[in-house]
Amino acid sequence: MEDAYARSVSEVLDFFEVDPSKGLSDSQVARHARLFGKNVLPEEKRTSFWKLVLKQFDDLLVKILIAAALVSFVLAVVNGETGLTAFLEPSVILMILAANAAVGVITETNAEKALEELRAYQADVATVLRNGCFSILPATELVPGDIVEVSVGCKVPADLRMVEMFSDQLRVDQAILTGESCSVEKELACTLTTKAVYQDKTNILFSGTVVVSGRARAIVVGVGANTAMGSIRDSMLQTGDEVTPLKKKLDEFGTFLAKVIAGICVLVWVVNIGHFRDPAHGGFLQGAIHYFKIAVALAVAAIPEGLPAVVTTCLALGTKRMARLNAIVRSLPSVETLGCTTVICSDKTGTLTTNMMSVSKICVAHSVHQSAMLAEYSVSGTTYAPEGFIFDNGGMKLEFPAQHPCLLQIAMCSALCNESVLQYNPDKGDYEKIGESTEVALRVLAEKVGLPGFDSMPSALNMLSKHERASYCNHYWENQFKKVSILEFSRDRKMMSVLYSRKNMEVMFSKGAPESIISRCTSILCNDDGSTVPLTTNMQAELEARLHSLAGKETLRCLALALKWMPLGQQTLSLDDEKDLTFIGMVGMLDPPREEVKNAMLSCMSAGIRVIVVTGDNKSTAESLCRKIGAFDHLVDFSGHSYTASEFEQLSALQQTLALQRMALFTRVEPSHKRMLVEALQHQNEVVAMTGDGVNDAPALKKADIGIAMGSGTAVAKSASDMVLADDNFASIVAAVAEGRAIYNNTKQFIRYMISSNIGEVVCIFVAAVLGIPDTLAPVQLLWVNLVTDGLPATAIGFNKQDSDVMRAKPRKVGEAVVTGWLFFRYLVIGAYVGLATVAGFIWWFVYADSGPKLPYSELMTFDTCSTRETMYPCSVFEDRHPSTVSMTVLVVVEMFNALNNLSENQSLLVIPPWSNLWLVGSIILTMLLHILILYVHPLSVLFSVTPLSWAEWTVVLYLSFPVLIIDEVLKFFSRNSCGMRFKFRLRRAELLPKREMRDK
């Protein structure tokens, strides 16, 4: 029943044909079960394991690599090759792809856990009336129309419509659903509000919420997927995972690279069609196969196989650093997303605030003989921990608060007129509440006031264990007094009273709404001397004015406290006893903002990140909190910056677009509104981070570019998020953003390093094919260079130090290419040199090396006809392993020098020396040791088709490799002086790189 909240009790009962005194019959239960289904959140259809695996290979570069591996394997078999060398290359490629696929499958499997954990918020059992009898049944057996009874501590088993109240009031904590900081009072009357949100449905008890006071009977109106919790599940199912900006750019670059590779491979094959019939190949078909193998080698050279592994490693290193900042990253790609975040949509309750109601102001009568009759105290401490101090009007700390008569009586009343429990949980290392948050706030206040008569009281209390300290003062007062009678809170009186006896005296303590308490008071307690004086009209007016200031301007939730001395021996209380009270004080409480939030928000703003506060609370409370935070001082008022969900929905499409650009506060929202806000911002090309801790935040957390859950939040929120703040500290987001930006900068550096290195390999093979000289590098050698000699330095580049101004820069644009036109030109130049130097090393050995044959260059170009003519040298010289070893070593060493170029994009090595990143220096040394290992250890040298080099050969290698440093220093100089951007040979990104695309919606 969709509109049960708008129907009267009788209408709802008639709809389900149920008698509230008897409940459903067995036949009705069976019929309703068939009609409406079971009270369980249905399991969503899971993606099969094999589909998940295959999905990881749905990438153009990966498909090219698989094709290259298969072709390599087939050609090896066709040519009759056997042994390890025939299968090494395809095996290594497939192993790398399998490892990347495993990471992807694990990530996607984790994402499904959020939906499973929603079921934890469903009640296990319910007290149900059927066939005229009450019984306790599993909550899964409930059907719409069932009459259910709920009381204090019950988890609501389904969506229920109130039908009968057995207490003066029923209050429910529905923070996990709506984010409201206080429990909500429920009632029987129907709701007349049009387009009612969850907060407006005051006669509905929502599945998964908890009853904190009262007892009532209700009828089931929604089960399973048709509950508020079910709608969250549906929203999460409809929300696909957002592709991160870096992943988009890498995918675009991969597609671009794949097209270039395909073009070059075809070009190499076509250029050499004339050589297919060369006698050395033994026929046209064998010649075609030979050059096809070269094209395959070219594809292997051009694709940076190690790139996915290096990206993953760099992001993983970043997550370790973030973990030290209390930001636990669940999804690796989300690390770099932080770097381009432009908007943070922050949940208010529990994220910007502590979600722990605290007394912040105390108002008492100081003296009737002074012009300023009222005295006001402020209270520090923003959690349930009994830690904090009381300060007077002048800001002076009270050393012994309990020596002040009014504060002492307030502490006694707070402890005794109270049904809640405050305790310490050693497992969580935190103080916890049972009962109403406002009552727990009064218990904490009693602990902060302390006990009278002990000069060493504050220090003595601090010596207690946390378990003893939690309610030490409260227990003291409870042991001093004996509870005799109680008058429960009721909505008409808006107060409660408790009668206590102590040492031949009876006293009644009362607390409630200030207007109710003040109207029943005839006297007032003075704080200066403890005297009681009559409450005059002027005094009452002054108290009411102060109440309006606290409740209105400061938006505090106010309670007044009073007492009354009762006749000796009285055993019961009646409503008539609640008059002629003595006013002892008024307290103002709030869900306080976290102390560190202001600086964190200001840091976000300086980094060009806009913060939007999102909450289920009402508008005035949220605006007051924003003012208290102090981060919105730049706004003169919230007009045009603050909207309720209903106000925003009433705006036209154009007005909504303009409102989104100015919005700082979004109130009275339910889960669907949060998700709608994220989507709307993403349509404006914003990169959105959403913070939250409740079940109600899960769909928006999943939809956002990066979802950030609180460590103390619900399991559902954590599972739907990309990152969890272990300390619930909004300030940790700022540190995480800085780390995310640094990681992205380093990611760009090693991607550019790998691109320039691979361009070098492509140039090497292409030039050799065009010149008609023997293959400079074997495929297995290319694979070794790509995986080991490229991979280690690239990973170490991830340790480059964070720039000092990383949080003063504006967020990078989502469409910003990883490699821009000018940079691509720079790395084409570097890559071209790397390739030409590698080919030069190969030719040098044949033509000039003392240890080589010193052939004329023309002989080298006609090597494939050697067997058909007479020569002065044996044809076996072209099978010598020395020239390819020199080429491979030049390639390795030149790439090590190129790695040093990537310590900074534009800064010279004279400014940022190699030792600024010792990890990079170490990786270069390790790479060279591994290379020397394969050169000089026999089994490895045979496997990689290499041979030991002489000192003369090493000298030439260094001469050919070192100039890459000089070339890049010149290019960096142009970049620093803006000459690069005005360079005549300007290459537009549109010509070289994929076109900028709008965000995929």
How close do Gly450 and Ala402 get, heavy atom to heavy atom, and via which atoms? O-CB, 3.9 Å
Run the side chain to side chain donor-acceptor pair (under 3.5 Å) test on Asp576 and Ser574 for me, step by step, so that the C-alpha distance in whole Å, both residues' side-chain angles and the decisive distance to 0.1 Å come before the verdict. CA-CA 5 Å; Asp576 289 337; Ser574 67; 4.7 Å; no
Assess whether a salt bridge exists between Lys494 and Glu185, defined as any Lys/Arg side-chain N lying under 4.0 Å from an Asp/Glu carboxylate O. no
For a 4.5 angstrom cut-off between non-hydrogen side-chain atoms, does Met601 reach Ile344? no
Say whether Asn418 and Ser420, considering side chains only, have a donor N or O and an acceptor N or O under 3.5 Å apart. yes
Ion pair check, Glu478 and Arg443, cut-off under 4.0 Å: yes
Can you tell me how far apart CD (Glu623) and NE2 (His641) are? Round to the nearest 0.5 Å. 11.0 Å
If you measure from the Lys or Arg side-chain nitrogens to the Asp or Glu carboxylate oxygens, is any gap between Lys433 and Glu439 under 4.0 Å? no
Does a side-chain N-to-carboxylate-O contact under 4.0 Å join Arg546 and Glu554? yes
Heavy atoms of Val498 and Leu573 approach each other most closely as C-CD1, 4.0 Å
Apply side chain to side chain donor-acceptor pair (under 3.5 Å) to Ser523 and Thr582, showing your working. CA-CA 5 Å; Ser523 57; Thr582 299; 2.8 Å; yes
Mind running side-chain contact (heavy atoms from CB on, under 4.5 Å) on Asn474 and Glu447 for me, showing each step along the way? CA-CA 7 Å; Asn474 282 276; Glu447 295 298 326; 2.7 Å; yes
When every non-hydrogen atom of Tyr431 is compared with those of Leu422, the smallest separation belongs to CB-CD1, 4.3 Å
Give me the ring orientation class for Phe481 and Trp477: parallel if the planes are under 30° apart, tilted from 30 to 60°, perpendicular past 60°. tilted
